Amino acid sequence: MKIIFILIVSMTAMVSMLAAPIIPTAPGTAWRYNMTQEVDHGLSVPDVKPDPDGKIRTPVVYRIEGTENLDGKELLKFEMHRAGVITNTDLLTVDERGVVCWARINLDGELVKFDPPQAVIAMPLKRGATWNFDGQAGDLKIYQHYEIIGEEDVQVPAGKFHAFRIRSEQTSPSPMTIDRWFAAGTGIVKDVTTMRATNGDLLERISLELAEPPRIADRPEVKPEAAPKKLSVIFAREQFGKASTTFSCDTPQIYARWQGQRLRRGARVRAVWIAENIGEDFPRDYKADEASAVAEIPTARGAFTLSRPEDGWAIGDYRAEFYVDDVLAETVKLKIVK
């Protein structure tokens, strides 16, 4: 009888463990992370000041703000808070299949559905398990391959966790890798997303480390006026070169790289090259050139190229004005020297 009793107790504990959600799901549960952001060759993030090492460090909170009904299905509403702004809201289910994202609400309130729903964490959790996301996020085609490459202990500010390490490779719409450490019962304890250019140069790396174990917490204050600019811009001598605002008169090409935030799909991004003061032969604030592009996604990025005139760049002061749908979004001052 004793053996049977022990067996029943063991089985009951196992069933209880299996029934428990793989992450907390109580309304108000919050995960506090330390976010570190690196961007290519000095590209700035609007309204955020980097540290002396060029990295941007900010605390973020991922919190369950109740539920939301989507197409008749009740979904958990996970809000990402950063610097007084809700940067995105994920609509998720957490069940025996894992953590699945059905839709996302972006910074402008646009609802983007995933078709099919995207598995963020797929069950069962075991070394060698793989899954793919081959579908649409709104109008955007996405392909991602995930693999659980092992289990390991990982140290983060919240403590040491035994976690499954998940590697994701994205090939569409642009190359990206995600390294994710997931601890059952806690959630994601570390996440590193890396985007590189075709030549291997770093475009952007975003790292998240859990700062404290998840707990019930009040909703962070939301400040609508704290929303970031729609466009950030840098100039460089090469397509993937270091940022600069001073160029020699014999520079073959000048590249203007831009990065969008919260852009309207189909928004027109326009750059105007203006010679402020280049000598008596030209009027002040002379419009020298203009180019435009269409943003296919809210976080679209691109580059405009200025080619050297046959007799070289005129020495003097210039500025570049960038417009989104004919509204001035950014201005950059530049100099041409000998």
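Residue numbers start at 1 and run along the sequence shown. This one's a predicted model, so the numbers in the text were calculated from it and none came from an experiment.
By the 6.0 Å contact criterion, CZ on Arg219 is enclosed, its count of non-hydrogen atoms from other residues, nucleotides or ligands being greater than 12. Atom CG of Asp218 has 12 or fewer heavy atoms from other residues, nucleotides or ligands within 6.0 Å. For Glu151, the CD atom counts as densely surrounded, since its 6.0 Å shell holds more than 12 non-hydrogen atoms of other residues, nucleotides or ligands. The environment of NZ in Lys141 is crowded: more than 12 heavy-atom neighbours from other residues, nucleotides or ligands sit within 6.0 Å. Within a 6.0 Å sphere centred on CG of Asn69, heavy atoms belonging to other residues, nucleotides or ligands number more than 12.
Counting only N and O atoms by type, the side chains of Arg82 and Thr58 include a donor and acceptor under 3.5 Å apart. With hydrogens and angles left out, the side-chain atoms of Gln144 and Ser168 include no donor and acceptor closer than 3.5 Å. Glu147 and His145 share no side-chain donor-acceptor pair at under 3.5 Å. Judged purely by distance below 3.5 Å, without hydrogens or angles, the side chains of Thr193 and Asp191 pair a donor atom with an acceptor atom. A donor-acceptor pair shorter than 3.5 Å can be found between the side chains of Asp90 and Tyr62. Inspection of the Trp102 and Thr93 side chains reveals an N or O donor paired with an N or O acceptor under 3.5 Å.
Judged by distance alone, the side chain of Trp31 and the main-chain N or O of Val189 form no donor-acceptor pair under 3.5 Å. Side chain of Arg257 to main chain of Gln239: a donor-acceptor pair is present (N/O by atom type, distance under 3.5 Å, no hydrogens or angles). A donor-acceptor contact shorter than 3.5 Å is absent between the side chain of Arg284 and the backbone of Asn277.
Using a cut-off of 4.0 Å between Lys/Arg side-chain N and Asp/Glu carboxylate O, Asp153 and Lys160 are scored as not salt-bridged. Residues Arg165 and Asp179 are paired through a salt bridge, judged by an N-O separation under 4.0 Å between the basic side chain and the carboxylate. A salt bridge does not link Lys333 to Asp317: none of the charged side-chain nitrogens sits closer than 4.0 Å to a carboxylate oxygen. In this structure, Arg268 does not pair ionically with Asp325, as no charged nitrogen and carboxylate oxygen lie closer than 4.0 Å. A salt bridge is absent between Arg32 and Glu209; no separation between the charged side-chain nitrogens and carboxylate oxygens falls under 4.0 Å.
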(message) One pair to check against side chain to side chain donor-acceptor pair (under 3.5 Å): Glu152 and Trp181. What are the steps and the verdict?
(response) CA-CA 9 Å; Glu152 60 190 47; Trp181 287 261; 2.7 Å; yes

(message) Test side chain to side chain contact (heavy atoms under 4.5 Å, CB included) on Tyr255 and Gln253; report intermediate values, then the result.
(response) CA-CA 6 Å; Tyr255 294 88; Gln253 289 181 313; 2.7 Å; yes

(request) Please report the C-alpha distance between Leu75 and Thr67 in whole Å, then the side-chain angles of each, then the deciding distance to 0.1 Å, and finally whether the side chain to side chain contact (heavy atoms under 4.5 Å, CB included) criterion is met. (result) CA-CA 5 Å; Leu75 303 171; Thr67 62; over 6 Å; no

(request) Would you please test Trp258 and Val269 for side chain to side chain contact (heavy atoms under 4.5 Å, CB included) and show each step? (result) CA-CA 9 Å; Trp258 56 270; Val269 178; 4.1 Å; yes

(message) Working note: Arg205 + Arg196, criterion side chain to side chain contact (heavy atoms under 4.5 Å, CB included); need CA distance, chi angles, decisive distance, verdict.
(response) CA-CA 9 Å; Arg205 179 183 292 116; Arg196 294 189 179 275; 3.0 Å; yes

(message) Could you go through Glu169 and Thr177, starting from their C-alpha distance and side-chain angles, then the distance that decides it, and tell me whether this counts as side chain to side chain donor-acceptor pair (under 3.5 Å)?
(response) CA-CA 5 Å; Glu169 296 280 352; Thr177 61; 5.4 Å; no

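Among all heavy-atom pairs drawn from Pro24 and Ile64, the shortest one is O-CD1, 3.7 Å. Residues Pro116 and Gly135 share a closest heavy-atom pair of CD-CA, 4.0 Å. The two atoms that bring Arg237 and Thr246 nearest to each other are NH2-O, 2.7 Å, heavy atoms only. In terms of heavy atoms, Leu231 sits closest to Glu330 at O-OE2, 4.1 Å. For Leu111 against Ala103, the heavy-atom pair with the smallest separation is CD1-CB, 3.7 Å. Smallest separation of non-hydrogen atoms from Pro27 and Ile216: O-CD1, 3.5 Å.
Under a hydrophobic clustering in which Ile, Leu, Val, Met, Phe, Trp and Tyr are joined whenever their side-chain heavy atoms come within less than 4.5 Å, directly or via other members, Val61 and Ile23 fall into different clusters. By the criterion of side-chain heavy atoms lying less than 4.5 angstrom apart, applied directly or through intervening Ile, Leu, Val, Met, Phe, Trp or Tyr residues, Ile206 is not grouped with Ile297; the two fall into different hydrophobic clusters. Cluster annotation: Ile278 and Leu334 are assigned to the same hydrophobic cluster (Ile/Leu/Val/Met/Phe/Trp/Tyr, side-chain heavy-atom contacts under 4.5 Å, transitive). The same ILVMFWY cluster, assembled from side-chain heavy atoms under 4.5 Å apart, contains both Leu208 and Val192. Val154 and Leu125 fall within the same hydrophobic cluster, defined by Ile, Leu, Val, Met, Phe, Trp and Tyr side-chain heavy atoms under 4.5 Å apart, directly or through other members.
For Phe182 and Phe164, the distance between ring centers is not under 6.0 angstrom. A ring-centre distance under 6.0 Å is found for Trp273 and Tyr318.
To the nearest 0.5 Å, atoms SG (Cys249) and NZ (Lys335) are separated by 14.0 Å.
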